[in-house]
There are 2 protein chains.
Amino acid sequence: MESQDIDRTLGLLWRRTLGTPQGSRGPKQRATIDEVVRAAIAVADEEGLPAFSMRKVADRLGLKLMSIYTYVPGRSELIGLMVDEVAGEQKLPPHEGPLRQRMTRVAEQLWDEFHRHPWLLQVENSRPWIGPNVSDRYEWQLAAIEGAGFTDLQMDQVVTLLSGFTAGMARASVDARRTAERSGISDAEWWEINAPVLERVMPADAYPISGRVGRVAGEEYNAIDDPERTFRFGLDRLLDGLEQFVNG
Amino acid sequence: MESQDIDRTLGLLWRRTLGTPQGSRGPKQRATIDEVVRAAIAVADEEGLPAFSMRKVADRLGLKLMSIYTYVPGRSELIGLMVDEVAGEQKLPPHEGPLRQRMTRVAEQLWDEFHRHPWLLQVENSRPWIGPNVSDRYEWQLAAIEGAGFTDLQMDQVVTLLSGFTAGMARASVDARRTAERSGISDAEWWEINAPVLERVMPADAYPISGRVGRVAGEEYNAIDDPERTFRFGLDRLLDGLEQFVNG
DNA sequence: TCCTAACTCCGTATGCCTTACGGAAATGGT
DNA sequence: ACCATTTCCGTAAGGCATACGGAGTTAGGA
């Protein structure tokens with residue numbers, strides 16, 4: 001990545017703060033950066049990040065492929081803009097109520113976002129872009145636990161914790177949903193093909209606990225798992241632990 | 001995916017149980033499936049999953065690209081074999097000690113595995129393959145909490161919980177490590193370019209808590225974060241919550 | 001012994017992808 | 001009126017997975 005690309009991308013991220021800095025010599029652009037970013041988000045929402053391509057973004061805007069590169073430096077920078085854009089979709093209402101309720105809202109907000117935009121879970125996060133919406137949200141997340149009894153260091157850890165936990169559980173949830181909606185071979189067919197091989201190869205007494213637990217889980221949940229309930233269960237345990245830490 | 005591919009891949013996954021079923025008409029294969037899988041793991045370890053390609057696996061074995069397809073049906077099936085293979089690297093020692101220690105080991109084992117093979121965090125997990133090592137490990141994970149007071153349903157939830165939590169935190173950790181090792185622009189250069197823009201755009205009073213917390217975290221950890229400590233802190237809170245749930 | 005079915009290895013081709021480069025045309029400042 | 005600047009985009013290079021078919025190798029059966 002070139003340093004001028006970094007500069008340019010930062011300018012795009014903070015475009016609403018900085019205003020549009022261009023000298024306006026040449027032809028007018030037929031689209032706007034916001035339209036490009038929104039089109040890109042739409043493509044990723046519909047098809048996921050692996051199938052997300054510059055060409056599909058261009059098609060959606062009635063532009064040809066290479067024109068997209070006059071709006072953004074490249075694919076990965078565009079993804080950075082998409083991440084900050086969707087981080088701005090949620091409201092960040094003033095915090096109220098007890099600590100537990102505040103932390104719950106922080107986690108729930110991320111849970112919702114991951115389900116609205118499952119491709120967020122596939123974004124490579126080394127060297128994350130620092131954009132306005134991501135920054136605002138981090139401030140809001142910290143504000144949720146400000147004054148609760150954590151040190152500054154612990155505040156950062158708690159936010160990282162709630163985010164990482166929620167991301168991990170959302171990944172399981174989103175994967176399960178994708179499996180259910182998967183085109184091609186259906187779930188039933190899948191098991192029809194798997195079952196005979198697995199029965200031959202996994203004698204029941206080799207997996208006594210898995211067998212029992214899997215049977216119960218399969219009856220209780222209609223399919224494989226109920227990720228939302230697992231998220232709630234885990235979040236409650238994690239919050240119990242955090243409350244205990246603050247109070248004790 | 002064709003149903004015959006599913007059958008074939010299951011056969012490959014359970015190859016040690018099933019034996020090699022081939023009629024042996026044609027020429028002998030120059031490599032073995034195990035060599036292919038091990039070469040593939042080596043490529044992914046060194047370059048990550050996006051840069052992992054069938055050609056690189058072939059090169060490493062002295063074969064030409066298309067020969068790989070006589071060993072495995074395709075790229076995604078090969079990745080399935082890799083996942084099960086690395087799941088077999090860890091020992092699954094008999095459980096001992098109190099519940100907390102057992103759960104800690106379950107989480108630590110995954111934490112280590114994610115750091116030994118960071119590409120595991122990039123694997124698409126819808127419709128996971130059911131292989132022998134993954135199955136054995138699930139049984140072992142359940143055994144860790146058997147008899148601790150959870151219902152069967154809760155046992156599955158707790159294992160999912162520990163796995164998901166650990167995956168979420170490991171992702172942050174691995175991303176941070178990748179950033180540190182990143183070639184191209186160094187961390188220092190990165191911030192040198194970011195700083196002037198961000199200072200102009202993020203006045204200190206707009207982000208009072210982030211500013212304070214970020215400063216403290218930046219001093220305490222030398223760079224951005226210390227993911228291992230955050231993982232430990234979070235795991236302790238989660239285990240506190242789970243113990244409280246079991247005991248009360 | 002020898003034929004032939006089955007199998008391995010791999011060259012070629014198709015159709016994706018990102019992105020570098022350069023040309024044509026449009027536009028606004030001077 | 002000119003021309004620097006900018007947009008749009010065609011082309012091409014170099015990457016990817018994988019379908020298809022051909023050539024050569026091997027073992028089993030006649």
Side-chain angles (χ1 to χ4, degrees), chain A residues 1-2 4-6 8-9 11-12 20-33 35-36 39-40 43-44 47-82 119 122-124 184, chain B residues 1-2 4-6 8-9 11-12 20-33 35-36 39-40 43-44 47-82 119 122-124 184:
Chain A
M1 181 159 33
E2 304 298 329
Q4 68 207 43
D5 285 345
I6 299 176
R8 186 170 162 209
T9 307
L12 291 171
T20 33
Q22 286 95 319
S24 51
R25 223 30 122 81
K28 296 277 180 288
Q29 291 191 305
R30 296 195 196 155
T32 63
I33 300 165
E35 283 172 333
V36 170
V43 171
E47 312 197 35
L49 211 58
F52 164 86
S53 74
M54 299 299 263
R55 165 153 273 130
K56 284 173 185 162
V57 177
D59 286 350
R60 189 174 283 258
L61 292 167
L63 294 174
K64 294 300 168 60
L65 170 60
M66 286 314 292
S67 300
I68 298 298
Y69 288 88
T70 64
Y71 294 82
V72 292
R75 177 193 152 99
S76 83
E77 290 83 357
L78 176 52
I79 292 174
L81 293 172
M82 293 158 64
W119 49 267
Q122 301 172 313
V123 172
E124 203 60 49
Chain B
M1 182 159 36
E2 302 298 328
Q4 68 206 42
D5 285 345
I6 300 176
R8 186 171 162 207
T9 307
L12 291 171
T20 33
Q22 285 95 318
S24 51
R25 238 2 139 84
K28 297 276 180 287
Q29 291 191 305
R30 295 193 198 157
T32 63
I33 300 165
E35 284 172 332
V36 171
V43 171
E47 313 197 36
L49 212 58
F52 164 85
S53 75
M54 298 300 264
R55 163 151 275 130
K56 285 173 185 163
V57 177
D59 286 350
R60 188 173 282 259
L61 292 167
L63 294 174
K64 294 300 168 59
L65 170 61
M66 287 313 292
S67 300
I68 298 298
Y69 289 89
T70 64
Y71 294 82
V72 293
R75 178 192 151 99
S76 82
E77 290 83 357
L78 176 52
I79 292 174
L81 293 172
M82 293 158 64
W119 50 267
Q122 302 170 313
V123 172
E124 203 58 50

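Letters go in sequence order (proteins before strands), and every chain restarts at 1. Just so we're clear, the structure is a prediction, and the values are computed from it rather than from any experiment.
One can place OH of B:Y71 at 8 Å from P of C:dT8, the figure rounded to the nearest angstrom. For the pair B:D5 CG and D:dA17 P, the interatomic distance rounds to 16 Å; values are reported in whole Å. Here the C1' atom of nucleotide C:dT18 and the CD atom of A:E77 are 12 Å apart, to the nearest Å. Distance, A:M54 CE to D:dC8 P: 14 Å, rounded to whole Å. For B:R55 and D:dG14, the CZ to C1' distance is 11 Å, given to the nearest whole Å. When rounded to the nearest whole Å, the span between CZ of A:R75 and P of C:dT19 equals 8 Å. With rounding to whole Å, B:M66 atom CE is found 15 Å from C:dC7 atom C1'. When the P atom of C:dT18 is taken as reference, atom CD1 of A:I79 falls 9 Å away, rounded to whole Å.
Within the nucleic acid shown, A:L63 comes within 4.0 Å of sugar-phosphate atoms alone, with no base atom in reach, counting heavy atoms only.
Between C:dC9, C:dG28, C:dG11, one nucleotide has an atom nearer to the side chain of B:S67 than all others, and that is C:dC9. Closest to the side chain of A:Q29, from the set D:dT7, D:dA17, C:dT19, is D:dT7. Listed nucleotides: C:dT19, D:dC16, C:dC10. Nearest to the side chain of B:K64: C:dC10.
Regarding contacts with the backbone of D:dC9, every side-chain N or O of A:Y69 stays at 4.0 angstrom or more from both OP1 and OP2. Between A:R30 and C:dT27 there is no side-chain N or O to OP1 or OP2 distance below 4.0 Å. At C:dT8, none of the side-chain N or O atoms of B:K28 fall inside 4.0 Å of OP1 or OP2 (strictly under the cut-off).
Looking at A:V57, A:T32, A:L63 one by one, the single match for side chain to side chain contact (heavy atoms under 4.5 Å, CB included) with A:Y71 turns out to be A:L63.
For B:S53 and B:P27, each mapped to the nucleotide of DNA chain D holding its nearest heavy atom, the one lying further toward the 5' end belongs to B:S53. Of the residues near DNA chain D, A:T70 and B:A51, the one whose nearest nucleotide (by heavy atom distance) lies more toward the 5' end is A:T70.
The two residues B:M54 and B:G74 have their closest heavy-atom pair at CE-C, 3.9 Å.
Taking 4.5 Å as the limit, every side-chain heavy atom of B:V36 sits out of range of all side-chain heavy atoms of B:L81.
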Practice item. Decide side-chain contact (heavy atoms from CB on, under 4.5 Å) for B:D59 and B:V43; before the verdict, give the C-alpha distance in whole Å, the side-chain angles of both, and the deciding distance to 0.1 Å. Key: CA-CA 10 Å; B:D59 286 350; B:V43 171; over 6 Å; no
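For C:dA5, the base has a donor-acceptor partner in the side chain of B:R25 [N/O atoms by modelled type, under 3.5 angstrom].
For CZ of A:R55, the number of neighbouring non-hydrogen atoms (other residues, nucleotides, ligands) closer than 6.0 Å is 12 at most.
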